[in-house]
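Working notes, structure below.
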2 protein chains.
Amino acid sequence: MTQQLKTYKDIRQIVMARITSQIWPVGELIPNEQDLAEEFGVARATVNRAIQEIADAGFVERRRKAGTRVVPRRSRDAVVQIPIIGEQISDMGRYYSYQLVAREIVPVTKKIAKELSLTPRTPAMHLICRHFADDIVWQLEDRWINLAAVPTVKAQKFDVIGPNEWLVREIPYSNAEHVFRAATASSIERRHLDLESDEPVFVIERKTWQASNIITWVRLSHSGNRFSMTTRDEIPYGKDALE
Amino acid sequence: MTQQLKTYKDIRQIVMARITSQIWPVGELIPNEQDLAEEFGVARATVNRAIQEIADAGFVERRRKAGTRVVPRRSRDAVVQIPIIGEQISDMGRYYSYQLVAREIVPVTKKIAKELSLTPRTPAMHLICRHFADDIVWQLEDRWINLAAVPTVKAQKFDVIGPNEWLVREIPYSNAEHVFRAATASSIERRHLDLESDEPVFVIERKTWQASNIITWVRLSHSGNRFSMTTRDEIPYGKDALE
DNA sequence: TAGTGGTCTAGACCACACT
DNA sequence: GTGTGGTCTAGACCACTAT
């Protein structure tokens, strides 16, 4: 019998299988690294790497002296990927186009002042844009940009590329907060989204910042009849080692 | 001057800072592991671990011989945590209660047959439940369970604990697919969710499976006026090493 | 105090993919 | 062919924390 050498991925897969199959049930301690290293015939560092990754993925908790314990599943994570709108529409196999509806520098409203952490009536750039899939309005964008955080925005006309795309190039690594909700369409949305009567809208609101500078706040609205968000979340480390 | 020893977290933080500050701009190669190891005065394995994690988080792409390259941000991941409903309501500081509205074993509808991959008219368990926050209906649950995948469900009355909670205990490690949408309320939803007239609903549909067995499909509906989902997604590895 | 995980090292060999 | 990352090892020391 040929003894195959085990990699950290093999070990990760075996350990994960023992957890999901409840050989090591929720709440139980699993053997320590030294014992597993002997069982699998590898160095302790190899076992450590395998179990580290399982711990990072949230399936076990490790504490010095106490050992490694299978944790109860307290919530389900759904990872929503929010693509650049143009790419999303192209990926659907449809023709993307963009229209700038309004661009103005105006004092912020009370609500936006709060979102951008500005004092009331500070000037900010306000944009309204429409994003089309073929000839259907797919997304209405209502955006405010903090001029202090992104002064170069004043030179941008946004007649050809949208503010989202421009901001992603300008400030590639920003933090974000999203709110998803179902809403009754506002009058602006009714006017620009070509909605059926009483059709709800799916709204994504996003605030982005870098360090402590709030950069922009945006409300993205979509026809409730046409739009949905889908995620697929599988237990990781399942079949890596099966080739 | 005291030379501090650098850990892999220090290096991860420094490298990440060089990426986010665009010292190493999008699209560029970064130095190889050997050079970085020398710069930081650590073993190559330490640099490897730091950059591995940054690659896992999706900020760089590594290829043998070609090196490590800063990748353009193509989409934004928003991680939505969908908690066990009872815990979510308790966490809001409100009183959670549960009501079973209907429990029956009936042939699946055409739509559900498709979702559960069953032949039409196979019997399945159908449940309607209401979840309350204080005295408000917070969530309406319309659930179908595949009897072949979970035979023990037939013995469950679900008069005290909800099917979600029971299934999480029974089958802790299942895969899931979610769909989020804004919809006009159906008649069942209008009847059970105490909605204002023409109020939209926020709908979460979830299908779960383990290996190739589809376990359950559920539609969770919420008042659009009261419900929203929020995520906060920050660039990782920012301040770990600053204490 | 003792047992566990957390991390580092120096060296090694390998797998891959650019040339 | 050759330079890069991918991984493993054996040993070491450290940092927690349960007891």
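Every chain is numbered from 1, with letters handed out A, B, ... down the list of sequences. These numbers were taken from a predicted model, which means no experiment stands behind them.
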Which value, rounded to the nearest 0.5 Å, describes the distance between A:T216 atom OG1 and A:R143 atom CZ? 4.0 Å
Of all residues at least two apart in sequence or in a different chain, which pass the side chain to side chain contact (heavy atoms under 4.5 Å, CB included) check with A:T20? A:M16, A:I235, B:Y173
When you check the phosphate oxygens OP1 and OP2 of [N], does a side-chain N or O of [X] lie under 4.0 Å from one of them?
X	N	answer
B:T68	D:dT4	no
A:T46	D:dT9	yes
A:N48	C:dG5	no
B:Q52	D:dG5	no
A:K9	D:dT7	yes

Whole angstrom value for the distance that separates [atom2] of [N] from [atom1] of [X]:
X	N	atom1	atom2	answer
A:I51	C:dT7	CD1	C1'	16 Å
A:D10	D:dG6	CG	P	18 Å
A:Y8	D:dG5	OH	C1'	12 Å
A:R49	D:dC8	CZ	C1'	10 Å
B:F40	C:dC8	CZ	C1'	16 Å
A:K6	D:dT9	NZ	C1'	17 Å
B:R69	D:dG5	CZ	P	12 Å
A:R12	D:dC8	CZ	C1'	16 Å

Suppose we screen for ring pair (Phe, Tyr, Trp, His ring centres under 6.0 Å). Which residues come up paired with [X], at least two apart in sequence or across chains?
X	answer
A:W144	A:H126
B:F132	none
B:Y98	B:H131

With sequence neighbours excluded, residues passing side-chain hydrogen bond (donor to acceptor under 3.5 Å, both in side chains) with A:E234: A:R232
Please state whether the rings of A:F227 and A:H222 are parallel, tilted or perpendicular, taking 30° and 60° as the class boundaries. parallel
Do any side-chain atoms of residues 64-74 of chain A form donor-acceptor pairs under 3.5 angstrom with protein atoms, and if so which ones, sequence neighbours left out?
residue : atom : partner : partner atom : Å
A:T68   : OG1  : A:R62   : NE           : 3.2
A:R69   : NH1  : A:G27   : O            : 2.8

What string of B, S and - do you get for nucleotides 11-19 of chain C 5' to 3' if you count protein non-hydrogen atoms under 4.0 Å? -B--BBBB-
Residues 146-166 of chain B side chain polar contacts: donor-acceptor under 3.5 Å, at least two apart:
residue : atom : partner : partner atom : Å
B:N146  : OD1  : B:A148  : N            : 3.0
B:N146  : ND2  : B:I214  : O            : 2.9
B:T152  : OG1  : B:E170  : OE2          : 3.2

Go through B:K207 and B:S117 one step at a time and tell me if the side-chain contact (heavy atoms from CB on, under 4.5 Å) criterion holds. CA-CA 11 Å; B:K207 182 157 69 174; B:S117 291; over 6 Å; no
With five pairs defining each end axis, the helix from C:dT1-D:dA18 to C:dC18-D:dG1 comes out bent, to 10°, by 10°
Give the table of side-chain donor-acceptor pairs shorter than 3.5 Å for residues 81-93 of chain A, with sequence neighbours excluded, one pair per line with atom names and distance.
residue : atom : partner : partner atom : Å
A:S90   : OG   : A:G86   : O            : 3.0

Would you tabulate the side-chain donor-acceptor contacts of residues 45-56 of chain B under 3.5 Å, counting partners in other chains and residues two or more places apart, or write 'none'?
residue : atom : partner : partner atom : Å
B:N48   : ND2  : B:E33   : OE2          : 2.8
B:R49   : NH2  : B:Y8    : OH           : 3.2
B:E53   : OE1  : B:R12   : NH1          : 2.6

Nucleic acid contacts of residues 17-35 of chain B, taken as heavy-atom distances under 4.0 Å to DNA chain D: B:N32, B:E33
